Amino acid sequence: MNLNAVTSPPEAVPRRRPANPDLAAQLRAVRRVISDIAEQRRVQSDESDGSATSSKIVAKPVVPPAGHRQFFTDADFAIRKEWGDSLAGDSKTVVKEHLRRAQAIGSIRRVAVAPEPHVLDPISIDFPNFSEVTELIKRRLTLSRCAPERVFRLPPLLLAGPPGLGKTAYTTRLAQALGLPYQQIDMSSVHAAFTLTGLDIGYASGGPGLVWDALQHECISAIMLLDELDKASGESKDGRLTFLYSLLEGHSARRYKDAALGLSVDASYLNWIATCNELDRIPAPLRSRFEILHIERPTPAQRVAIVHSIHTELRRNAEWSAWFDADLDPAVVDKMNEWTPREIRRGLEEAYAVAAANQRRRLTTDDLLRRPGGDEEGSTKSPIGFIG
């Protein structure tokens, strides 16, 4: 076939004319109108389709304000809400109530912002034998304040030491000083992992766990205390503490799901602190996820400071304190030097009652009738180490 026979000569090809700007603009406008009509019809079709589900929801990018993070997405929440509506009986009631509360608090939650490190100075005085822990946290506060939003996070900490040194009380005071929500979990009474992670709602006792409860706050940076981790009992004692592994790792904690609700939430801003008396009783893989800090017994000089701090705290909260002299006799301090914190608090209260009965405004060693004791944390031979 001769191509030249069917090809127009160059002079037969019409020349292009200059485009009419007005006509081109009109064509573009027509195309936009057609496109808008097509999109409107598609949306109306989705809304009128009875089989349409929450899976059609298009997630819009969310940019939380400074100091806040997205706790869950609206699309994930809609899916779980639809699932909750499909349940029946008590299961439906439990799920709907917890989801309602989560929605009321909001999908955008506040995270901790690091204060000045000096806010921990009073703790340094009241807990002198925890200086290594306090200095570590101060360094983390300083580091956090280098970032634009100053968001504060602690690495998982494990405070190891004999009973009676005040590990639990220290953590409580730390949460107060940082202004963070606080959840204390007695691990000796935890018989199953679902106490923390939730139990499938299909079971009669199904419901959310303690981790979910701690996150239902406008601030998702709570301090979580795993008290006496080495005494975990029941299932958790048999190697089922592995549920903690994902919670202690930031990348997996960002997609945490409570077993009862199944809503993916960001639990990576929780601050985990554990205490133990016997470090060897904690599985090695779990220990490796903590920064371990050994708490030493207070020195004699530190014990004097601890007695004074407990006395100061007692007087601050007692309505009758103004009737007595503010100073504490050195002889009284010496007599309580080996007492545990609970013994000091109870002993001082009773001593003030004895002094009041004798119309005296200043305590003496005679007012310390006996050393309280029996059921305090640790044995009475353990030295003191924290403010009550």
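No experiment lies behind these values; they were computed from the predicted model shown.
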Find out if a path of hydrophobic residues (ILVMFWY) with successive side-chain heavy-atom gaps under 4.5 Å connects Tyr182 to Phe152.
yes

So, Asn317 side chain and Leu314 main chain: donor-acceptor pair closer than 3.5 Å or not?
no

Looking at every heavy atom in both Asp325 and Tyr352, which two are closest together, and how far apart are they?
O-OH, 4.3 Å

Is there a donor-acceptor contact under 3.5 Å linking the side chains of Thr134 and Tyr170?
yes

Show your reasoning for whether side-chain contact (heavy atoms from CB on, under 4.5 Å) applies to Leu178 and Leu141.
CA-CA 10 Å; Leu178 296 175; Leu141 289 173; 4.2 Å; yes

Distance (rounded to the nearest 0.5 Å) between Leu263 CG and Phe71 CZ
7.0 Å

Residues that Lys335 engages under side chain to side chain contact (heavy atoms under 4.5 Å, CB included), provided they are two or more places apart:
Thr365, Leu368

Would the distance check show the side chain of Arg110 and the main-chain N or O of Gly67 forming a donor-acceptor pair, the cut-off being under 3.5 Å?
no

Does the side chain of Ser246 come under 3.5 Å of the side chain of Tyr256 through a donor N or O and an acceptor N or O?
no

Are Phe290 and Ile273 close enough that some pair of their side-chain heavy atoms sits under 4.5 Å apart?
no

Short N-O contact, Asp76 and Arg80, less than 4.0 angstrom:
no

side-chain contact (heavy atoms from CB on, under 4.5 Å) evaluation trace for Leu226 with Leu196:
CA-CA 11 Å; Leu226 302 173; Leu196 277 81; 4.1 Å; yes

Can you tell whether the side chains of Glu313 and Arg316 come within less than 4.0 Å, N to carboxylate O?
yes

Answer with yes or no whether the hydrophobic clustering places Phe324 together with Val354; edges join I, L, V, M, F, W, Y residues whose side-chain heavy atoms lie under 4.5 Å apart.
no

Closest non-hydrogen contact found for Glu228 with Met187 is O-CB, 3.5 Å

At what distance, to the nearest 0.5 angstrom, does CG of Leu248 lie from CG of Leu270?
10.0 Å

4.5 Å side-chain heavy-atom contact, Lys257 and Val265
no

Thr172 side-chain N/O to Thr168 backbone N/O, donor-acceptor pair under 3.5 Å:
yes

Rounded at 0.5 Å granularity, tell me how far CD in Gln183 sits from CG in Asp213.
6.5 Å

If we ignore hydrogens and angles and just use 3.5 Å, is the side chain of Asp227 paired with the main-chain N or O of Ile185 as donor and acceptor?
no

For Ile306, is there any backbone N or O sitting under 3.5 Å from a side-chain donor or acceptor partner on Ser309?
yes

So, Arg287 side chain and Ile282 main chain: donor-acceptor pair closer than 3.5 Å or not?
yes

Do the numbers put Arg173 on top of the ring of Phe127, so that NZ or CZ is under 6.0 Å from the six-membered ring centre and no more than 45° off the axis?
no

Glu350/Arg370 salt bridge by N-O under 4.0 Å criterion:
no

Counting C-beta onward and ignoring hydrogens, is there a side-chain heavy-atom pair between Arg303 and Met336 closer than 4.5 Å?
no

Is the backbone of Gln103 close enough, under 3.5 Å, to the side chain of Ser107 for a donor and an acceptor to pair up by distance?
no

Would you check if the side chain of Arg255 reaches a backbone N or O of Ser264 as a donor-acceptor pair within less than 3.5 Å?
no

Is Arg140 close to Pro155 at the side-chain level, that is, under 4.5 Å between some pair of heavy atoms?
yes

Excluding sequence neighbours, so at least two apart, what forms salt bridge (Lys or Arg N to Asp or Glu O under 4.0 Å) with Asp266?
none

Is there side-chain contact between Glu218 and Arg109, with heavy atoms separated by less than 4.5 Å?
no

Would a hydrophobic clustering, with Ile, Leu, Val, Met, Phe, Trp and Tyr connected at side-chain separations under 4.5 Å, put Leu348 with Trp323?
yes

Step by step, would you call Glu97 with Arg100 a salt bridge (Lys or Arg N to Asp or Glu O under 4.0 Å)?
CA-CA 5 Å; Glu97 175 57 27; Arg100 183 203 63 76; 2.8 Å; yes

Residues Asp186 and Ser188: closest non-hydrogen pair is OD1-OG, 2.6 Å

Does a side-chain N-to-carboxylate-O contact under 4.0 Å join Arg289 and Glu249?
yes

For a quick test of reading the model, state the closest non-hydrogen atom pair linking Asn129 to Gln302 and the distance between them.
CB-OE1, 3.8 Å

Side chains of Leu180 and Asn271, heavy atoms from C-beta outward: is any pair under 4.5 Å?
yes

Does Thr197 reach the main-chain N or O of Ala193 with its side chain, forming a donor-acceptor pair under 3.5 Å?
yes

Please tell me if the side chains of Ser252 and Leu247 come closer than 4.5 Å, counting only heavy atoms from C-beta onward.
no

Can Val119 be reached from Val133 by stepping across I, L, V, M, F, W or Y side chains whose heavy atoms are under 4.5 Å apart?
yes

Electrostatic pair Asp85-Lys96, nearest N-O below 4.0 angstrom
yes

Spatial distance of atom CG (Leu279) from atom CG (Leu229) [nearest 0.5 Å]
9.5 Å

Would a single hydrophobic cluster contain both Leu293 and Leu165, if residues Ile, Leu, Val, Met, Phe, Trp and Tyr are joined by side-chain heavy-atom contacts under 4.5 Å?
yes

With a sphere of 6.0 Å drawn around CG of Asp90, does it hold more than 12 non-hydrogen atoms of other residues, nucleotides or ligands?
no

Does Arg153 make a cation-pi contact with Tyr269 (under 6.0 Å, within 45 degrees of the axis)?
yes

With a 4.5 Å cut-off on side-chain heavy atoms, are Thr195 and Ser189 touching?
no

Please find the pair of heavy atoms, one from Leu199 and one from Ala259, that lie closest to each other, and give the distance.
N-CB, 4.2 Å

Point-to-point distance, once rounded to the nearest 0.5 Å, from CG of Leu136 to CG of Leu154
7.5 Å

Scan side-chain atoms only and decide if Asp121 and Ser124 contain a donor-acceptor pair under the 3.5 Å cut-off.
no

Can you list the steps and then say if Glu149 with Arg69 is a salt bridge (Lys or Arg N to Asp or Glu O under 4.0 Å)?
CA-CA 11 Å; Glu149 293 185 81; Arg69 295 293 183 271; 3.2 Å; yes

Show the numbers, then the answer: is there a side-chain contact (heavy atoms from CB on, under 4.5 Å) between Phe243 and Leu241?
CA-CA 5 Å; Phe243 73 88; Leu241 284 170; 4.2 Å; yes

Heavy atoms only: give me the nearest Ser268-Gly250 pair and the separation to one decimal.
CB-O, 3.7 Å

Using side-chain contact (heavy atoms from CB on, under 4.5 Å), reason through Trp272 and Leu157 one step at a time and then give a plain yes or no.
CA-CA 6 Å; Trp272 294 91; Leu157 303 179; over 6 Å; no

Euclidean distance, Cys219 SG relative to Ile105 CD1, rounded to 0.5 Å
11.5 Å

Does a side-chain N-to-carboxylate-O contact under 4.0 Å join Glu116 and Lys138?
no

Can a donor-acceptor pair be found, under 3.5 Å and without considering hydrogens, that links the side chain of Asp258 to the backbone of Gly209?
yes

